[in-house]
Amino acid sequence: MAFPLWITNYKAYEQARGAHAVGLSVLHAALAEELQLPVTVAVSALDLHRVATAVPGMPLCVQHLDPTPAPLSSSVGCIAAPLAREAGATYALLNHAAHRIEDRHTLAETIKEAQESEIITIVCAATVAEVAALQALGTDAIAYEPPELIGSNQTSVSRAQPEVVRAAVIAAAGVPLLIGAGVATAEDVRIGMQLGCSGFLVASAIVKAPDPAAALRTLLTAMKNATD
Ligand code: G3P
C-alpha cells in the first residue's frame, strides 16, 4: 500500500455514478499518472465492473463489503469480498458513517475476508476512541471522519480539529491514518499532512465541483508538495 493515498468517494452522487463514474475515473487515472501519486476512487459495487473496464490500470475501491456467506455460490445479493475482487476492487472502504458495520466481530471478519481476497481495507472511524478500538482489528488503514463535518462547505476536519487529528494519528498506533470531512482546499491538505496523516478521503469537493479536474489537480498537487 503506497502513501499518501488519495481517495475520492463517489458516494451515490448523480455526478459520479453510472456513466459519470467512468468519466470521473478516467480523469483520476490521468492525474494520478501525471503526478505519480497513489489515487483511488470509491465506487458503488454496482459501478465497479463498468469503471474497472474503462480504467484497467487504476486500483479501485469498493464502498462497502458484506461478510461472505457460506456457501458463497448460492448466496444472493451480497457484496462479498471474492466477488468485489473479481469485479475489480483493490481497496475496500468499510464502516463509512453512511454505511456502518456496528458489530465489531462482523467488522473484524469482513476485514479478514477482504485481505484473504487480496483487498486492502480502509476502515472509517467517527471518533478518536473508535480509531483506538479499530486499530486492533488488523485493518490496513483507518480513515477518521467526524460525521458532523462530512459534506461541510464551511470548514474541514484538518482546520476545525487539528488536535483531534493529532490524537487520532497517535491512537492509530502505527496503522496509517487518513482523514476526511469537509476537505476542500490546498490548505486543508497541507495541514493534514503536517499533522501526520497518510492520506485523504474526499467526496463533495471533487464530485460537486464545477470543474472536478481543476479541483482534483489543486488538491493532489498540495498533497504531492507536502511530501517533497
Ligand atoms: O468518505 C468521504 C466523505 O465522507 C467526506 O465527504 O463531502 O465532506 O468530502 P465530504
Side-chain angles (χ1 to χ4, degrees), residues 1-11 37-42 61-65 90-104 106-108 110-111 114-115 119-207 216 219-220 222-223 226-227:
M1 192 173 184
F3 296 102
L5 175 66
W6 181 272
I7 308 175
T8 299
N9 187 354
Y10 290 179
K11 301 193 173 176
L37 285 172
V39 172
T40 185
V41 292
C61 180
V62 66
Q63 291 175 349
H64 173 77
L65 290 176
T90 296
Y91 299 97
L93 200 57
L94 299 174
N95 199 42
H96 188 276
H99 202 152
R100 298 267 303 173
I101 303 173
E102 295 290 355
D103 179 68
R104 286 276 150 79
T106 304
L107 182 53
T110 309
I111 292 168
Q115 292 169 338
I119 292 178
I120 297 164
T121 58
I122 299 129
V123 175
C124 297
T127 62
V128 173
E130 198 178 7
V131 170
L134 297 183
Q135 63 78 27
L137 299 187
T139 182
D140 300 292
I142 296 172
Y144 169 62
E145 294 201 317
E148 68 277 14
L149 294 179
I150 291 177
S152 169
N153 54 12
Q154 302 297 314
T155 191
S156 65
V157 57
S158 38
R159 271 183 292 138
Q161 300 189 353
E163 291 313 320
V164 182
V165 171
R166 220 188 290 275
V169 171
I170 293 167
V175 177
L177 186 98
L178 285 68
I179 53 169
V183 173
T185 67
E187 183 66 358
D188 295 335
V189 170
R190 195 189 60 74
I191 295 170
M193 292 294 289
Q194 220 170 39
L195 293 169
C197 295
S198 297
F200 300 89
L201 180 54
V202 176
S204 45
I206 304 297
V207 173
L216 184 61
L219 298 181
L220 287 182
M223 192 170 85
T227 58

Trainee: Heavy-atom distance under 4.5 Å between the side chains of Leu37 and Met223, does that happen here?
Mentor: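 The answer is yes, as the side chains (C-beta and beyond) meet within the 4.5 Å cut-off.
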Trainee: For Leu137 and Val123, what are the C-alpha separation, side-chain angles and deciding distance, and is it a side chain to side chain contact (heavy atoms under 4.5 Å, CB included)?
Mentor: CA-CA 10 Å; Leu137 299 187; Val123 175; 6.0 Å; no
Trainee: Ile7 and Val202: side chain to side chain contact (heavy atoms under 4.5 Å, CB included), yes or no, with the steps?
Mentor: CA-CA 6 Å; Ile7 308 175; Val202 176; over 6 Å; no
Trainee: Could you list the residues that satisfy side-chain contact (heavy atoms from CB on, under 4.5 Å) with Ala222, not counting sequence neighbours?
Mentor: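 Listed in chain order: Ala186, Val189.
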Trainee: Please report the shortest heavy-atom distance between Leu201 and Cys124, naming the atom on each side.
Mentor: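 Of all heavy-atom pairs spanning Leu201 and Cys124, the closest is CD2-SG, 4.1 Å.
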Trainee: Spell out, as yes or no, whether a donor-acceptor pair under 3.5 Å connects the side chain of Ser156 to the backbone of Gly182.
Mentor: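 Such a contact is absent between Ser156 side chain and Gly182 backbone.
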Trainee: Can you see which heavy atom on Ile142 is nearest to which on Leu134, and at what distance?
Mentor: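 Looking at all heavy atoms of both residues, the shortest contact is CD1-C, 4.2 Å.
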Trainee: Taking Gln63 for its side chain and Ala42 for its backbone only, find out whether a donor-acceptor pair lies under 3.5 Å.
Mentor: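 Confirmed, Gln63 side chain pairs with Ala42 backbone.
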Trainee: For the residue pair Tyr91 and Met1, establish whether any side-chain heavy-atom pair is separated by less than 4.5 Å.
Mentor: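 Sidechains of Met1 and Tyr91: in contact.
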Trainee: Assess the residue pair Leu178 and Tyr144 against the criterion (side chain to side chain contact (heavy atoms under 4.5 Å, CB included)); give the C-alpha distance rounded to whole Å, side-chain angles, the decisive distance to 0.1 Å, and a yes or no.
Mentor: CA-CA 6 Å; Leu178 285 68; Tyr144 169 62; over 6 Å; no
Trainee: Taking only distance into account, with no hydrogens and no angle test, what donor-acceptor pairs under 3.5 Å do side-chain atoms of residues 192-200 form with protein atoms, sequence neighbours excluded?
Mentor:
none

Trainee: Using every non-hydrogen atom in the two residues, find where Val175 and Ala141 come nearest and quote the distance to one decimal.
Mentor: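 Val175 and Ala141 have their closest heavy atoms at CG1-CA, 3.7 Å.
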Trainee: A side-chain contact here means heavy atoms from C-beta on lying under 4.5 Å apart; do Ile150 and Lys11 qualify?
Mentor: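 Heavy-atom side-chain distance check passes, below 4.5 Å.
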Trainee: What is the distance from atom CG of Asn9 to atom NE2 of His96, rounded to the nearest 0.5 Å?
Mentor: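 Atom-to-atom, Asn9:CG and His96:NE2 are 5.0 Å apart.
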Trainee: Over all heavy atoms of both residues, which pair between Val128 and Ala171 is shortest? Give the atoms and the distance, please.
Mentor: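 Nearest heavy atoms, Val128 then Ala171: CG1-CB, 3.8 Å.
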Trainee: Kindly indicate whether the side chain of Leu220, heavy atoms from C-beta on, has any atom under 4.5 Å from the side chain of Val39.
Mentor: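 With C-beta onward as the side chain, the pair touches.
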Trainee: Test your reading of the model: is there a side-chain donor-acceptor pair from Asn95 to the backbone of Ile101, 3.5 Å cut-off?
Mentor: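 It does hold such a pair.
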Trainee: Show the nearest heavy-atom pair for residues Ala126 and Arg100, with the distance to one decimal.
Mentor: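 Heavy atoms only, the tightest pair is CB-NH1, 4.4 Å.
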Trainee: Does any part of the side chain of Trp6, heavy atoms only, come nearer than 4.5 Å to the side chain of Ile206, both counted from C-beta?
Mentor: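 Yes, side chains in contact.
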Trainee: Is there a donor-acceptor pair closer than 3.5 Å between any side-chain N or O of Thr139 and the backbone N or O of Thr121?
Mentor: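 Pair found, side chain donor or acceptor close to backbone of Thr121.
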Trainee: Check for a donor-acceptor pair, side chain of Thr40 on one end and backbone N or O of Cys61 on the other, with a separation under 3.5 Å.
Mentor: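 Yes; judged by distance alone, with no hydrogens or angles, the pair exists.
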Trainee: Can you find a pair of side-chain heavy atoms, one from His64 and one from Leu93, that are under 4.5 Å apart?
Mentor: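 Side-chain contact under 4.5 Å: no.
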Trainee: Does any part of the side chain of Asp140, heavy atoms only, come nearer than 4.5 Å to the side chain of Ile122, both counted from C-beta?
Mentor: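 The answer is no; the side chains never approach within 4.5 Å.
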Trainee: What distance do Ile179 atom CD1 and Gln161 atom CD have between them, rounded to the nearest 0.5 Å?
Mentor: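 CD of Gln161 is found 9.5 Å from CD1 of Ile179.
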Trainee: Does the side chain of Val41 reach to within under 4.5 Å of the side chain of Tyr10, using non-hydrogen atoms?
Mentor: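 A side-chain contact exists here, since the closest heavy-atom pair is under 4.5 Å.
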Trainee: Rounded to the nearest 0.5 Å, what separates atom CG in Asp188 from atom CZ in Arg159?
Mentor: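 Spacing of CG (Asp188) from CZ (Arg159) equals 4.5 Å.
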Trainee: Looking only at heavy atoms, what is the nearest atom pair of Ala181 and Glu145, with distance?
Mentor: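 So the minimum-distance heavy-atom pair works out to N-OE2, 4.0 Å.
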